[in-house]
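Nothing fancy with the numbering, it's 1 onward along the sequence.
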Amino acid sequence: METPRFATLTGGSTGPPKVVLRSQESWIRSFRALEALGGTHAGDIVATLGALAHSINLYAALEALHLGAVIILLAGVRPDRQLREIRTRGATVVYATPSQIRRMRRLAPTDCAPSVRRVMIGGSACDAGTRALAGELFPRAAFVEFYGSAEASFVSLSDPDLPHLPGQPFPGVEVEIRDSDGFTLGAGKSGQIWVRSPMLFDGYLAQGTACSPAQLVDGFLRTGETGSLTWEGRLIVEGRDDRIVRIAEKSVALDEVEQRIASFKGVSHVAAVAVPDELRGMALAIAVMVKGETPIDRIRTDWHRFAGRNLKTATLVHLDHWPLLRSGKTDYSAIRQSLERNMR
């Protein structure tokens, strides 16, 4: 009998979403592992904030149903009303992206949901400021930041009691850091993240064609992101390979730029992109959304204090509306278009 399979979508933050084919067992295995680590169990009320077409939300829904929990689907509901539903219905587990948390706090500056015991945060890196906002929204919750993808499922999980440390590999997952030639690197060395796991996807689906099998090397999948392992075996994720760009002959990690600006007082959202530039080849452009009456000039001043000489010329633009994909992640394509319009 053929193994039951289903399709879901990647988040689409770096391009059009891809259709991912997965085996049913690959997710059931992670349901059990997370339950053993204090995750969703029978009797929980689980809230998910985005569309079921995307893997983080579909995963939360199927996990809840498989384990005997209740699922609350809040896609398309305004963030402050999402929080009200979570509080009113006594949700105990929430799956969210960092962008969703920031929007929820901006539109619900005083409300909270004390019934929530656990918040699973994924989809992109979560800075300390966003974790603090999550603590205000869900004051009694443990927070678990996970790293993974629609193709690999879970790769690492943070410890709820040690949120400042990098995540440990998920049970049953092997992580290697390799250089561009495929050689394995030692602890502390930065390189490509490769994963071997019983939860890997089967391949991509394209309309009108057969499944394109997952491209594995010795059973390992290249995630498309850069990182390193600590001596204790914890995984530090530095960002996507295509988010490390050359500007003025220097490598710039756009995700690190975002994390730094997110720490500036008054910033609620930030996105950094590289745009064509006649003099430098590529130039740094940054979009931000600020809280309340925070002056954008103060954010520019903080940036100039932090940025090196080659990055001080970055274009920094304030947006009144923050574009999000249906997956709950920042829409970088829309951000880039807005920045390019401002630079003309």
Side-chain contact test, heavy atoms from C-beta onward, threshold under 4.5 Å: evaluate it for Pro171 versus Leu37 and give yes or no. yes
With a 4.5 Å limit on heavy-atom distance, are the side chains of Met199 and Glu25 in contact? no
Please step through side chain to side chain donor-acceptor pair (under 3.5 Å) for the pair Arg102 and Thr130, ending with a clear verdict. CA-CA 6 Å; Arg102 291 190 290 267; Thr130 301; 2.9 Å; yes
Would you call Arg240-Glu256 a salt bridge at under 4.0 Å N-O? no
By side-chain contact (heavy atoms from CB on, under 4.5 Å) - contacts of Leu62 (at least two apart): Trp27, Phe31, Leu58
Sub-4.5 Å side-chain heavy-atom contact between Val144 and Val119: no
Hey, does the Lys NZ or Arg CZ of Arg118 hover above the aromatic six-ring of Phe138, less than 6.0 Å from the centre and inside 45° of the axis? no
If we only count heavy atoms from C-beta on, is the Val46 to Ile72 side-chain gap below 4.5 Å? no
With a 4.0 Å cut-off on N to O distance, would you call Glu145 and Arg131 a salt bridge? yes
Kindly indicate whether the side chain of Phe183, heavy atoms from C-beta on, has any atom under 4.5 Å from the side chain of Ile177. no
The single option from Val273, Leu254, Leu339, Val270 that satisfies side chain to side chain contact (heavy atoms under 4.5 Å, CB included) with Ile286 is Val270
Closer than 4.0 angstrom, basic N to acidic O: yes or no for Arg260 and Asp302? no
Write down the atom of Cys112, the atom of Leu83, and the distance for their closest heavy-atom approach. N-CD2, 4.1 Å
Before giving the answer on side chain to side chain donor-acceptor pair (under 3.5 Å), spell out for Ser99 and Trp322 the whole-Å C-alpha distance, their side-chain angles and the decisive distance to 0.1 Å. CA-CA 9 Å; Ser99 291; Trp322 199 258; 4.9 Å; no
Min side-chain heavy-atom separation Leu157-Leu34 under 4.5 Å: yes
Which atoms form the tightest heavy-atom contact between Leu107 and Asp80, and what is the distance? O-CB, 3.4 Å
Could you tell me whether Glu232 and Arg234 have a side-chain N and a carboxylate O separated by less than 4.0 Å? no
Note, Leu165 side chain near Asp159 side chain (heavy atom, < 4.5 Å): no
Are the aromatic ring centres of Phe154 and Tyr59 under 6.0 angstrom apart? yes
Any salt bridge between Asp111 and Arg84, counting N to O under 4.0 Å? no
Using 0.5 Å steps for rounding, measure from the CZ atom of Arg106 to the CG atom of Leu133. 11.5 Å
Heavy-atom closest contact (Ala51 atom, Asn57 atom, distance): O-ND2, 2.9 Å
Evaluate the side chain to side chain donor-acceptor pair (under 3.5 Å) criterion for residues Ser190 and Glu238: first the C-alpha distance (whole Å), next the side-chain angles of each, then the deciding distance (0.1 Å), finally the verdict. CA-CA 9 Å; Ser190 179; Glu238 298 169 2; 2.7 Å; yes
Smallest separation among heavy atoms of Thr40 and Leu67, with atom names: O-CD1, 3.2 Å
Please tell me if the side chains of Leu185 and Gln192 come closer than 4.5 Å, counting only heavy atoms from C-beta onward. no
Please determine whether the number of non-hydrogen atoms from other residues, nucleotides or ligands lying under 6.0 Å from atom CZ of Arg298 exceeds 12. yes
Heavy-atom closest pair (Ala150 atom, Val20 atom, distance to 0.1 Å) is O-CG1, 3.6 Å
Quick test of your reading of the model: are Asp202 and Arg5 salt-bridged, counting only N-O distances below 4.0 Å? yes
